[in-house]
Amino acid sequence: MGVAIRTAGDGDRELLVRLLDEAFQDDPVSGWVFPGVEYRRTTHHRLMGAFTDIVLAAGRIDVTGDGSACALWTSMPADDHGDGDRADDEGPAQVRQAVDPENERVEMIGRLTAGVHPTGRAHEYLWMIGVTPGRQGEGLGTALIGPVLDRCDREGRPAYLEASSARSRLLYERLGFAPAGEPLSLPDGPHMWPMWREPRTP
């Protein structure tokens, strides 16, 4: 049975933030950024809101028809920062100020992932994919990102992501992603796995 998918708009923001907040409450990276169950429960949604706002403005969010899963994508040009240094980008500091000013890890995660993000080739960047906890394991994630990867194959365009758990890394490997360099080790925290997918030829 097929999964109905549509492109989210500004009117879906509340649904998307709630979905991402629930989907990533037990994620290892979310647990590192917001240590402690109560702290994470009351603060984590702000970061998901910031990510949602960024991608609604600059990318595309695909959501299942029943609102149980979503995927956040942005199209990255071959060199999106010119001659500038990603470490000097003010974006992570702005997100920290908006989300949780006293939490340096909110800014750190942005700077660390930007530091390993590949340059030199245009690609599709999967920021994150969230599936409501009661629906995980049903193939909704694959159904969501499959059409984008099919388009990448048709257009000869690579794709990139950072897997935040060993479970998600295995999913992405099945979809054709491969490790892109060494795992990113968060200070006193878990690993993230940069992954790159070359387009498949027919």
Side-chain angles (χ1 to χ4, degrees), residues 1-13 15-17 19-20 23-24 27 29 48-82 86 89 91 110 113-132 135-181 184 192-202:
M1 187 172 69
V3 176
I5 299 170
R6 63 181 178 85
T7 301
D10 291 341
D12 296 301
R13 183 184 186 277
L15 179 154
L16 296 168
V17 174
L19 168 59
L20 292 170
F24 285 91
D27 181 78
V29 174
M48 299 299 102
F51 288 164
T52 299
D53 291 340
I54 290 169
V55 180
L56 279 174
R60 189 185 75 256
I61 300 180
D62 295 328
V63 60
T64 57
D66 63 0
S68 61
C70 65
L72 285 64
W73 293 92
T74 52
S75 294
M76 307 295 288
D79 187 358
D80 60 319
H81 288 268
R86 288 168 184 251
D89 183 7
T113 53
V116 299
H117 198 122
T119 58
R121 287 182 69 189
H123 59 276
E124 295 298 310
Y125 177 34
L126 179 60
W127 279 57
M128 58 200 325
I129 183 165
V131 180
T132 193
R135 302 291 304 280
Q136 292 173 5
E138 296 182 16
L140 294 174
T142 299
L144 264 178
I145 64 178
V148 177
L149 298 181
D150 289 344
R151 178 168 56 82
C152 286
D153 291 342
R154 291 194 304 271
E155 298 176 357
R157 191 175 180 90
Y160 173 77
L161 57 84
E162 300 104 8
S164 61
S165 70
R167 177 181 176 182
S168 64
R169 182 183 59 169
L170 292 174
L171 164 67
Y172 298 131
E173 286 177 348
R174 290 198 297 272
L175 294 173
F177 286 87
L184 176 61
M192 298 181 75
W193 290 270
M195 303 187 77
W196 180 267
R197 183 185 184 274
E198 288 289 338
R200 293 173 171 172
T201 55

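By convention here, the first residue in the shown sequence is residue 1. No experiment lies behind these values; they were computed from the predicted model shown.
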Candidate pair Thr74 and Met76, rule side-chain contact (heavy atoms from CB on, under 4.5 Å), full reasoning: CA-CA 6 Å; Thr74 52; Met76 307 295 288; 3.7 Å; yes

Asp12 vs Arg6, side-chain contact (heavy atoms from CB on, under 4.5 Å): CA-CA, chis, key distance, verdict: CA-CA 11 Å; Asp12 296 301; Arg6 63 181 178 85; 2.9 Å; yes

Heavy-atom side-chain contact between Tyr172 and Ile129 under 4.5 Å: yes

Residue pair Ser75 / Arg157, side-chain heavy-atom distance below 4.5 Å: yes

Heavy-atom closest pair, residues Ile145 and Ala71: CG2-CB, 4.1 Å

From Thr7 atom OG1 to Ile61 atom CD1, the distance as rounded to the nearest 0.5 Å: 10.0 Å

pair Trp196-Arg121: side-chain heavy atoms closer than 4.5 Å: yes

Heavy-atom check, side chain of Glu162 versus side chain of Leu184, under 4.5 Å: no

Plane angle bin for Tyr125 and His123 - parallel if under 30°, tilted between 30 and 60°, otherwise perpendicular: perpendicular

Heavy-atom side-chain proximity of Pro199 to Pro158 below 4.5 angstrom: yes

Min side-chain heavy-atom separation Trp193-Pro179 under 4.5 Å: no

Rounded distance (nearest 0.5 Å) linking atom CG of Leu161 with atom NE2 of His117: 9.5 Å

pair Arg174-Thr142: side-chain heavy atoms closer than 4.5 Å: no

Expected output: side-chain Ser165 to main-chain Ser168 donor-acceptor under 3.5 Å: yes

Between OG on residue Ser164 and CG on residue Asp27, distance to nearest 0.5 Å: 3.5 Å

Minimum side-chain heavy-atom gap Met128-Thr52 below 4.5 Å: no

Minimum-distance pair of heavy atoms, taken over all atoms of Leu140 and Ser68: CD1-OG, 3.4 Å

